[in-house]
Number of protein chains: 2
Amino acid sequence: MNADYFTIGTLAKETETKIVTIRYYESIGLLPEPPRTEGNYRLYNRSHLMRLTFIRRCRSLGFTLNHVRELLALTEKQDQDCNEVDRLAHSHLEAVEHKIQDLTKLAKELRHQINSCQGGRIADCHILEALSS
Amino acid sequence: MNADYFTIGTLAKETETKIVTIRYYESIGLLPEPPRTEGNYRLYNRSHLMRLTFIRRCRSLGFTLNHVRELLALTEKQDQDCNEVDRLAHSHLEAVEHKIQDLTKLAKELRHQINSCQGGRIADCHILEALSS
DNA sequence: CTTGACCCTATAGTTACTATAGCCCCCATC
DNA sequence: GATGGGGGCTATAGTAACTATAGGGTCAAG
């Protein structure tokens, strides 16, 4: 057994993902089928770890699995004609920048609310207003 | 009929939400039951619009409906003792700041990729690396 | 050689929608 | 005032992205 390989439980812990979710991603082709041990255990390496970490972060940022698939495809389309890649990257960048803007507004209001708490009571809360206009 | 009130179709268009999704939010108590016309049509106003806009933005930012429920509750807990509110606001702020960091990294790599496209071919892509460490 | 932690497949359940069926309201127009 | 088309209503079933459970095999430690 190579020290560079690890089982699904380790991968799950490192990425804070449920084991069943990892197998689910494999079943829908988002993660490649890894090699197996003689006892039929899946064996993962660093590249699986990176790919899964990427997927999980994207999911927590509100991208759908199809979005993630596209982003991963961008990675794999190196050294190819890039009109399509460019178009996709632009559209994803726009979405990402919009999300950053929204989150920045939300963070500002949360900080405001935390500051308002100094006196023991909440004065005025604009969390809803931050993202509702 | 007051001009300040509008039907579910209008609300759906304004918030880019499916009509069925609005009714679903009502059914799980995330949106209040609106008044009805004599013909049993739901009638919404600006406050419904704001609340739904907030919910939809939060969802697109990767918060679960339970997170959204908590954030909305923060808004409604004005003038109450604020230990709990403060704790929640801090924890949400932390999550939001983390999301901003991740998105900023992703945006940087997307911009890099877009620039690489100048020559007609993609040189090196680090989108995956941006969110996998 | 058994025990306990971990892995396997397969299937059913949950969350957050989304689509469809079958019917009602409203109002413009014939 | 009948009628037809664009909405709205409820109720139920289906989809996406997980999550839990059952029933069983693997493997290192004692």
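Below, each value reflects all heavy atoms present in this structure, side chains not excepted, and no hydrogens, waters or symmetry copies. Letters A, B, ... mirror the listed sequences (proteins, then strands); counts begin at 1.
Between C:dC17 and B:Thr21, no contact under 4.0 Å exists linking OP1 or OP2 to a side-chain N or O.
For the side chain to side chain contact (heavy atoms under 4.5 Å, CB included) test, no residue two or more places apart in sequence or in another chain qualifies with B:Ala95. Looking at residues two or more places apart in sequence or on another chain, you find no salt bridge (Lys or Arg N to Asp or Glu O under 4.0 Å) involving B:Arg59.
Atom NZ in B:Lys18 sits roughly 9 Å away from atom C1' in C:dC17 (whole-Å rounding). Atom CD of A:Glu38 is separated from atom C1' of D:dG25 by 15 Å (rounded to the nearest Å). Going from atom CD of B:Glu26 over to atom C1' of D:dT10 covers 12 Å, rounded to whole Å. In this structure, the CD atom of B:Glu16 is 15 Å from the P atom of C:dC17, given to the nearest Å.
Going from atom CG of A:Leu110 over to atom CD of B:Glu97 covers 9.0 Å, rounded to the nearest 0.5 Å.
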Contact state string [nucleotides 5-11 of chain C, B base, S sugar-phosphate only, - no protein heavy atom under 4.0 Å]: -BSSB--
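With hydrogens and angles ignored, the 3.5 Å screen pairs no side-chain donor or acceptor of B:Thr21 with any backbone N or O of B:Ile19. In this structure, the side chain of A:Lys99 does not engage the main chain of B:Leu103 through any donor-acceptor pair within 3.5 Å.
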Enumerate all atom pairs, one protein N or O and one N or O from nucleotides 15-17 of chain D, separated by less than 3.5 Å.
| from | atom 1 | to | atom 2 | distance (Å) |
| --- | --- | --- | --- | --- |
| D:dA17 | OP1 | A:Leu65 | N | 3.2 |
| D:dA17 | O3' | A:Arg59 | NH2 | 3.2 |

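For B:Arg51 and B:Tyr25, the side-chain atoms include no donor-acceptor pair closer than 3.5 Å.
Residue pairs meeting the salt bridge (charged side-chain N to carboxylate O under 4.0 Å, His left out) criterion with at least one partner in residues 11-31 of chain A, sequence neighbours excluded, are A:Glu26-A:Arg42.
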Give the table of side-chain donor-acceptor pairs shorter than 3.5 Å for residues 62-73 of chain A, with sequence neighbours excluded, one pair per line with atom names and distance.
| from | atom 1 | to | atom 2 | distance (Å) |
| --- | --- | --- | --- | --- |
| A:Thr64 | OG1 | A:Asn66 | N | 3.4 |
| A:Thr64 | OG1 | A:His67 | N | 3.1 |
| A:Thr64 | OG1 | A:His67 | ND1 | 3.2 |
| A:His67 | ND1 | A:Thr64 | N | 3.4 |
| A:Arg69 | NH1 | A:Ile28 | O | 3.2 |
| A:Arg69 | NH2 | A:Ile28 | O | 3.3 |
| A:Glu70 | OE1 | A:His92 | NE2 | 3.0 |

